[in-house]
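For clarity, every value in this text was computed on a predicted model and none was experimentally measured. Just follow the structure's listing: the first ligand is 1, and inside any ligand the first atom is 1.
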Amino acid sequence: MQLSELNDYIGRLLEISRFRDYSPNGVQVEGRAEIRRIATGVTASQRLLEAATAWGADAIIVHHGYFWRNEDATVTGIKKRRISHLLQHDVSLLAYHLPLDAHAELGNNAQLALRLGLLPQGRFGEQDIAWHGELRLPQTLGQFAENISEALQRTPLVIGEKAHMLRRIAWCSGGAQSYFEQAVALGVDAFLTGEISEQNVHVAEETGIAFIAAGHHATERYGVQALGAHLAQRFNIEHRFFDMDNPV
Ligand SMILES: [Zn+2]
């Protein structure tokens, strides 16, 4: 398919015009027009670019692309090396940030819910990207932590009483630790996100609401993967997800 067709299709699918975002959604670096192979990954790091171009990708789709608001606008240092790698290989970079967190089926939070047995009931947070709902099977915090380890292949950092029974959960992939107080106000038993900050520990201890940091990378692997699988099924293109391990 054509790059312009791919860009238009994903833009409509993820409703990118609905979001006020911190970086451009869609094509960020333009490569060749004809797309047969799409690589996906969480972050457009040098490691991902090299793995994807070695595989022969025509386009790379990520959750964390480039040109973030407030970043240095010059193309120097690691940014120069990354962009010149793409341009030399004539490979496009497409990035989808908030629209890929939020999408009702393909989004990070929807995909996380499928893997962790969470039944979505509503949304909250900035532009409604965070979700709340119930555990399919009520379980203790300790059991839920074990299930998360198994599902995400990464041990979460958990603040709370292991024996505490959980029923209602709020969750948001990535670095959404600043939503913890909003989650507490919703009356949930636990909040799950990727990263944790120092003050979250005190709020968890003093409210009795558990905080689960399951990994920024680990919680954001699934949206872009689901998008790639959807594109491969819908169009005659090959897709491969590259999981470039990240401990955070
Ligand atoms: Zn993120």
Side-chain angles (χ1 to χ4, degrees), residues 10-11 13-16 18-29 39-49 51-52 60-72 78-79 82 93-116 118 120 123-132 148 151-157 169-180 182-183 191-198 200 211-228 241-248:
I10 304 175
L13 178 69
L14 300 183
E15 300 179 283
I16 62 170
R18 278 207 303 125
F19 295 86
R20 279 168 283 111
D21 216 328
Y22 312 98
S23 66
N25 288 301
V27 174
Q28 292 192 338
V29 179
T40 57
V42 177
T43 300
S45 62
Q46 190 73 30
R47 267 196 294 155
L48 175 73
L49 303 186
I60 304 171
I61 304 178
V62 295
H63 182 49
H64 302 138
Y66 305 150
F67 315 116
W68 297 90
R69 188 194 296 164
N70 301 329
E71 83 174 23
D72 180 353
I78 67 168
K79 207 201 289 185
R82 290 168 168 188
L93 179 72
L94 294 85
Y96 300 93
H97 184 233
L98 297 180
L100 192 56
D101 289 317
H103 191 270
E105 287 129 52
L106 304 174
N108 283 320
N109 290 323
Q111 292 292 319
L112 208 51
L114 286 178
R115 280 163 181 85
L116 302 182
L118 300 166
R123 294 178 177 238
F124 71 105
E126 188 199 359
Q127 298 178 65
D128 269 353
I129 64 164
W131 293 28
H132 62 90
I148 295 167
L152 305 188
Q153 292 297 298
R154 182 192 179 279
T155 307
L157 176 62
I169 309 281
W171 68 98
C172 189
S173 68
Q177 61 268 56
S178 64
Y179 296 172
F180 188 29
Q182 289 181 58
F191 177 61
L192 181 151
T193 184
E195 294 186 44
I196 186 163
S197 296
E198 192 271 350
N200 297 138
F211 190 104
I212 305 166
H216 190 137
H217 173 87
T219 57
E220 298 201 320
R221 285 182 197 125
Y222 305 106
V224 78
Q225 227 173 130
L227 175 61
F241 173 69
F242 291 83
D243 192 9
M244 313 314 285
D245 194 41
N246 186 327
V248 176

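At least one N, O or S atom of His64, from either the backbone or the side chain, sits less than 2.8 Å from the Zn ion (ligand 1). Not one N, O or S atom of Asp101 sits under 2.8 Å from the Zn ion (ligand 1). Within the 2.8 Å limit, His216 places at least one N, O or S atom next to the Zn ion (ligand 1).
Counting just the N/O/S atoms of Glu220, the one with the shortest distance to the Zn ion (ligand 1) is named OE1.
Side-chain N/O atoms of His217 and Asp243 include a donor and acceptor closer than 3.5 Å. If you check the side chains of Thr40 and Gln225, you find no donor sitting under 3.5 Å from an acceptor.
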Evaluation steps, ring-ring contact (aromatic ring centres under 6.0 Å, His included), between His216 and His64
CA-CA 11 Å; His216 190 137; His64 302 138; 5.1 Å; yes
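Rounding to the nearest 0.5 Å places CD1 of Ile196 at 10.0 Å from CD1 of Ile212.
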